[in-house]
Amino acid sequence: MISVRCLIFDTECSQDSLLNTIQPILPRLSETTQVRLLIDDEDSAVASGYQQCAQAPLPKACVCLDDLEESEAHTLKVELESLFEQARATVFDTQLVLKPDWQIGQRTPGTVQLCTFQQKRDISREAFIAIWRDSHTQIAIDTQSTFGYFQNLVLEGQDSGFDALVEEHFPIQAATSPEAFFDAVGDPAKLKHNIDCMMESCARFIQQDTINVIHLSEYKIQ
């Protein structure tokens, strides 16, 4: 599906302020368009130990619009960037690998790990996509406690600063426990195995010095 992700770098972001800011675009969206807000707040701060910042700054929030027409997406990209003082919107080819159990108007349990990265410099775009989507996907599912998983591939022709954006939903226990994060509670051998498998797989297609990671709270709006 075609989607837009608008990374917001304004210092002050809340669910109410984001909703008020994007209100002009909401009535024009199709009934099938999904709207979610990801926010760096007190609830997500518990997972701050996982933050990585290869390319500053990290976003304070992200507006997610899914199930769009491509022409509509490019229009919304421009409009979203104009609504915020500091924002960067990107149009993606998105795959929803694992669908969380959302409740509209409520905070999704746990946190969402938002990760951006560039493809490994010594492989082609075709190889990058094949390794990521055809091989790595199942490894990520098998080695982590992920219960929601979006793979967002930047459409060609955009200068976003990264090639992919991943959203992974984790239970709140994973925020402070690597064992819970890697689905290996009480099993040190499994923990080491899962970490090693995940790191080895990521190294095949991700340029390691380009990774940004932040955990956010998610609110499903539509």
(message) For a quick test of reading the model, state the closest non-hydrogen atom pair linking Ala164 to Trp132 and the distance between them.
(response) CB-CH2, 3.6 Å
(request) Verify ring pair (Phe, Tyr, Trp, His ring centres under 6.0 Å) between Phe147 and Phe170, making sure each step is shown before the conclusion. (result) CA-CA 6 Å; Phe147 66 89; Phe170 285 92; 8.0 Å; no
(message) Side chains of Ser3 and Thr94: any donor to acceptor distance under 3.5 Å?
(response) yes
(request) Answer yes or no: is there a side-chain heavy-atom contact under 4.5 Å between Phe150 and Leu114? (result) no
(message) Are more than 12 heavy atoms, taken from residues, nucleotides or ligands other than Gln52, located less than 6.0 Å from that residue's CD atom?
(response) yes
(request) Give a yes or no on whether the backbone of Ala174 and the side-chain of Ser177 come within a donor-acceptor separation of less than 3.5 Å. (result) no
(request) Run the salt-bridge test on Glu79 and Arg28 with the 4.0 Å N-O cut-off and return the result as yes or no. (result) yes
(message) Quick test of your reading of the model: are Lys220 and Asp101 salt-bridged, counting only N-O distances below 4.0 Å?
(response) no
(request) Could you check if a side-chain atom of Gln119 sits within less than 4.5 angstrom of a side-chain atom of Ile206, using non-hydrogen atoms only? (result) no
(message) Counting only heavy atoms from other residues, nucleotides and ligands, does the tally under 6.0 Å from CG of Asp122 exceed 12?
(response) yes
(request) Evaluate the salt bridge (charged side-chain N to carboxylate O under 4.0 Å, His left out) criterion for residues Glu167 and Arg5: first the C-alpha distance (whole Å), next the side-chain angles of each, then the deciding distance (0.1 Å), finally the verdict. (result) CA-CA 11 Å; Glu167 301 154 66; Arg5 298 291 182 267; 2.6 Å; yes
(request) Evaluate the side-chain proximity of Cys13 to Ile8: yes if any heavy-atom separation is below 4.5 Å, no if none is. (result) yes
(message) So Phe84 and Asp10, do their side chains get closer than 4.5 Å, heavy atoms only?
(response) yes
(request) With the side chain counted from C-beta on, respond yes when Tyr219 and Gln103 share a heavy-atom pair under 4.5 Å apart, and no when they do not. (result) no
(request) Find out if a path of hydrophobic residues (ILVMFWY) with successive side-chain heavy-atom gaps under 4.5 Å connects Leu83 to Ile39. (result) yes
(request) Determine, for Arg36 against Asp66, whether the closest basic-nitrogen to carboxylate-oxygen distance falls under 4.0 angstrom. (result) yes
(message) Rounded at 0.5 Å granularity, tell me how far CD in Gln207 sits from CD in Gln118.
(response) 7.5 Å
(request) Would you check, one step at a time, whether the test side chain to side chain donor-acceptor pair (under 3.5 Å) holds for Trp102 with Gln34? (result) CA-CA 11 Å; Trp102 289 305; Gln34 298 183 61; over 6 Å; no
(message) Are Phe162 and Leu58 linked, directly or through intermediate hydrophobic residues, by side-chain heavy-atom contacts shorter than 4.5 Å (ILVMFWY only)?
(response) yes
(message) Hydrophobic clustering (ILVMFWY, side-chain heavy atoms < 4.5 Å, transitive) - are Ile211 and Ile123 grouped together?
(response) yes
(request) Please test Gln144 against Glu168 for side chain to side chain donor-acceptor pair (under 3.5 Å), starting from the C-alpha separation and ending with a verdict. (result) CA-CA 10 Å; Gln144 300 179 130; Glu168 291 179 280; 2.9 Å; yes
(request) Compute both the distance and the angle, then confirm whether Arg133 meets the cation-pi test with Phe205: under 6.0 Å from the six-membered ring centre, within 45 degrees of the axis. (result) no
(message) Under 6.0 Å from the ring centre and within 45 degrees of the ring axis: does the NZ or CZ of Arg204 meet both conditions for the six-membered ring of Phe128?
(response) no
(message) Quick one, Cys115 and Asn212 - any side-chain contact, counting heavy atoms below 4.5 Å?
(response) no
(request) Decide whether Ser217 and Arg107 meet the rule of one side-chain donor and one side-chain acceptor closer than 3.5 Å. (result) yes
(request) Verify the distance criterion only: is there a donor paired with an acceptor across the side chains of Thr137 and Gln151 at less than 3.5 Å? (result) yes
(message) Is there a side-chain contact between Val4 and Leu68 in this structure, where contact means two heavy atoms from C-beta onward sitting under 4.5 Å apart?
(response) yes
(request) May I ask whether Val97 and Ile129 are part of the same hydrophobic cluster, defined by side-chain heavy atoms of I, L, V, M, F, W, Y residues being less than 4.5 angstrom apart, directly or through others? (result) yes
(request) Could you pull out the closest heavy-atom pair between Thr90 and Val154, with the gap in Å? (result) CG2-CG1, 3.9 Å
(message) Can a side-chain donor-acceptor contact be found between Ser201 and His136 if the only test is distance below 3.5 angstrom?
(response) yes
Acceptor/donor pairs from residues 18-27 side chains to any protein atom, 3.5 angstrom cut, sequence neighbours excluded:
| unit_1 | atom_1 | unit_2 | atom_2 | d |
| --- | --- | --- | --- | --- |
| Asn20 | ND2 | Asp16 | O | 3.3 |
| Thr21 | OG1 | Ser17 | O | 2.8 |

(message) Within the structure provided, determine whether Leu37 and Cys64 are in side-chain contact (heavy-atom separation under 4.5 Å).
(response) no
(request) List for me each residue that meets ring-ring contact (aromatic ring centres under 6.0 Å, His included) alongside His74, sequence neighbours excluded, and say none if there are none. (result) none
(request) Working to the nearest 0.5 Å, report the span between CG of Leu216 and CG of Asp43. (result) 11.5 Å
(message) Rounded to the nearest 0.5 Å, what separates atom CZ in Phe92 from atom CG in Asp163?
(response) 10.0 Å
